[in-house]
Amino acid sequence: GERAEAAWDFDGAAQHFAACAAANPRDGWALLLLARTHLMRFDPDAARDVLARHLALDRTAAACVARQYALVRRLVG
């Protein structure tokens, strides 16, 4: 997925990260990478949905991720 992102193939990267997240639903890192890829695809709604899934995994990281999402939201608009 990260190779696809590096090659600006965000659709391919999203497919890869989604497959990784489906194979291991408790893998928060795969979800964060998928959310990042959705943002690179200018799809903030999909990114928000994926971040919500991530937050459901680990409530202790909620404040940190919320700050990250707020920052990205300011950058993307």
Side-chain angles (χ1 to χ4, degrees):
E2 290 179 282
R3 286 183 189 169
E5 272 187 356
W8 294 77
D9 177 14
F10 300 126
D11 292 333
Q15 289 175 357
H16 177 80
F17 293 136
C20 289
N24 187 3
R26 303 274 314 149
D27 184 0
W29 186 245
L31 291 172
L32 288 176
L33 292 172
L34 179 58
R36 180 182 72 185
T37 302
H38 284 313
L39 289 171
M40 291 178 174
R41 295 170 65 210
F42 299 103
D43 190 352
D45 293 333
R48 183 183 59 240
D49 294 342
V50 173
L51 287 173
R53 287 173 47 201
H54 179 267
L55 289 175
L57 290 178
D58 187 359
R59 291 287 179 199
T60 61
C64 180
V65 173
R67 278 186 248 127
Q68 291 173 346
Y69 179 69
L71 174 64
V72 169
R73 193 168 177 193
R74 276 184 259 143
L75 293 172
V76 174

Give me the atom names and distance for the closest heavy-atom approach of [X] to [Y].
{"X": "A30", "Y": "C20", "answer": "CB-CB, 4.1 Å"}
{"X": "A13", "Y": "G1", "answer": "CB-O, 3.4 Å"}
{"X": "G28", "Y": "H54", "answer": "O-CD2, 3.2 Å"}
{"X": "A4", "Y": "G12", "answer": "CB-C, 4.2 Å"}

Measure the spacing between CZ of R41 and CD of E5 and express it to the nearest 0.5 Å.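 Separation between the atoms: 11.0 Å.
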Once you round to the nearest 0.5 Å, how far does CG of L31 lie from CG of L51?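 So the CG of L31 and the CG of L51 are separated by 8.5 Å.
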Considering only heavy atoms from C-beta outward, does the side chain of H16 approach that of E2 to under 4.5 Å?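 Not in contact.
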Measure the shortest side-chain to side-chain distance between M40 and W8 over non-hydrogen atoms and say whether it is less than 4.5 angstrom.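 No, too far: nothing below the 4.5 Å cut-off.
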Take R73 and R48 through the side-chain contact (heavy atoms from CB on, under 4.5 Å) test and state the conclusion after the steps. CA-CA 10 Å; R73 193 168 177 193; R48 183 183 59 240; over 6 Å; no
Given L32, T37, L34, the one that forms side-chain contact (heavy atoms from CB on, under 4.5 Å) with V50: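 The passing option is L34.
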Is it the case that one hydrophobic cluster holds both L57 and L55, taking links as side-chain heavy atoms less than 4.5 Å apart, direct or via other members?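 Yes: a chain of side-chain contacts under 4.5 Å links L57 to L55.
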Quick one: do V76 and F10 end up in the same hydrophobic cluster if we chain Ile, Leu, Val, Met, Phe, Trp and Tyr together by side-chain heavy atoms under 4.5 Å apart?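 No, V76 and F10 fall in different hydrophobic clusters.
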